[in-house]
Amino acid sequence: MSEQNTPHDPQLISPEEAARLIEDGVLLIDVRSEGGRASTGSVPGAVVVDRENVARDFGPESSDRLSQVTGTDQKIVVFCGSVKGSGPVVEKLKVLGYSRALHVDGGFPALRDAGVATTGPAAEHAPAQQPAAEPAAV
């Protein structure tokens with residue numbers, strides 16, 4: 001298999017490192033679609049951002065900049081369903097001056113698997129449940 005599609009990305013962090021940063025209160029950005037969040041779940045506290053609105057939501061001079069953004073020196077962790085969605089967002093953030101923007105290797109599924117708290121339809125990813133026991137006789 002060729003590695004030409006997986007160049008070294010210094011902004012790419014492990015889900016375990018992301019989990020530590022989340023515990024420390026990093027600004028966490030979810031760039032998945034509404035359908036993606038509905039089908040797989042969400043991370044409580046993550047700010048949902050449309051990938052097409054990064055300049056508006058993070059632009060240092062934007063009047064619509066997100067209230068959670070404190071400045072271009074802020075550490076930000078972006079996740080999607082995979083790095084194919086989060087990587088371009090981190091690149092846009094770098095262009096806007098956010099040198100501490102990072103993204104998660106493996107995206108949302110990896111965060112969930114690393115123990116980050118999630119809400120929503122995670123049951124399909126949990127171990128299979130045992131069949132219900134017969135009701136007790138009354």
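Source: prediction; values computed, not measured.
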Please answer: with hydrophobic residues joined when any side-chain heavy atoms are less than 4.5 Å apart, are I13 and L28 in the same cluster?
yes

For V89 and H103: C-alpha separation, side-chain torsions, deciding distance, then whether side chain to side chain contact (heavy atoms under 4.5 Å, CB included) applies.
CA-CA 9 Å; V89 172; H103 65 126; over 6 Å; no

Can you tell if the side chain of F108 reaches within under 4.5 Å of the side chain of D30, non-hydrogen atoms only?
no

Does the pair L66 and L27 meet the rule for a side chain to side chain contact (heavy atoms under 4.5 Å, CB included), with working shown?
CA-CA 11 Å; L66 296 171; L27 177 56; 5.9 Å; no

Got a second to check how far L12's CG is from E17's CD, nearest 0.5 Å?
10.0 Å

Please check if I22 and V47 belong to a single hydrophobic cluster, counting links between Ile, Leu, Val, Met, Phe, Trp and Tyr side chain heavy atoms closer than 4.5 Å.
no

Nearest 0.5 Å, what's the CG-CG distance between N53 and D64?
9.5 Å

Does L96 reach the side chain of T72, with side-chain heavy atoms less than 4.5 Å apart?
no

Check step by step if side chain to side chain contact (heavy atoms under 4.5 Å, CB included) holds for L102 and L21.
CA-CA 11 Å; L102 305 166; L21 292 170; 4.0 Å; yes

For residues T40 and R32, is any side-chain donor paired with an opposing acceptor at under 3.5 Å?
yes

Closest approach of A55 and S62, non-hydrogen atoms and distance?
O-CB, 4.1 Å

Are E34 and R37 close enough for a salt bridge, meaning some N to O gap below 4.0 Å?
no

To the closest 0.5 Å, what do you measure between OG (S67) and CZ (R65)?
10.0 Å

Close side-chain approach of V31 to V78, heavy-atom, < 4.5 Å:
yes

Taking the side chain as every heavy atom from C-beta outward, state whether I29 and I76 have any atom pair closer than 4.5 Å.
yes

Evaluate the salt bridge (Lys or Arg N to Asp or Glu O under 4.0 Å) criterion for residues K94 and E91: first the C-alpha distance (whole Å), next the side-chain angles of each, then the deciding distance (0.1 Å), finally the verdict.
CA-CA 5 Å; K94 284 174 45 181; E91 290 301 316; 3.6 Å; yes

Main-chain N/O of Q74 paired with R100 side-chain donor or acceptor, under 3.5 Å:
no

Examine Y98 and V77 and state if one hydrophobic cluster contains both, with Ile, Leu, Val, Met, Phe, Trp and Tyr joined whenever side-chain heavy atoms are less than 4.5 Å apart.
no

Determine, step by step, whether S14 and D105 satisfy the side chain to side chain contact (heavy atoms under 4.5 Å, CB included) criterion, reporting the C-alpha distance in whole Å, the side-chain angles of both residues, the deciding distance to 0.1 Å, and the verdict.
CA-CA 5 Å; S14 72; D105 191 8; 5.7 Å; no

Tell me whether F79 shares a hydrophobic cluster with V116, the cluster being built from Ile, Leu, Val, Met, Phe, Trp, Tyr side chains joined at under 4.5 Å.
yes

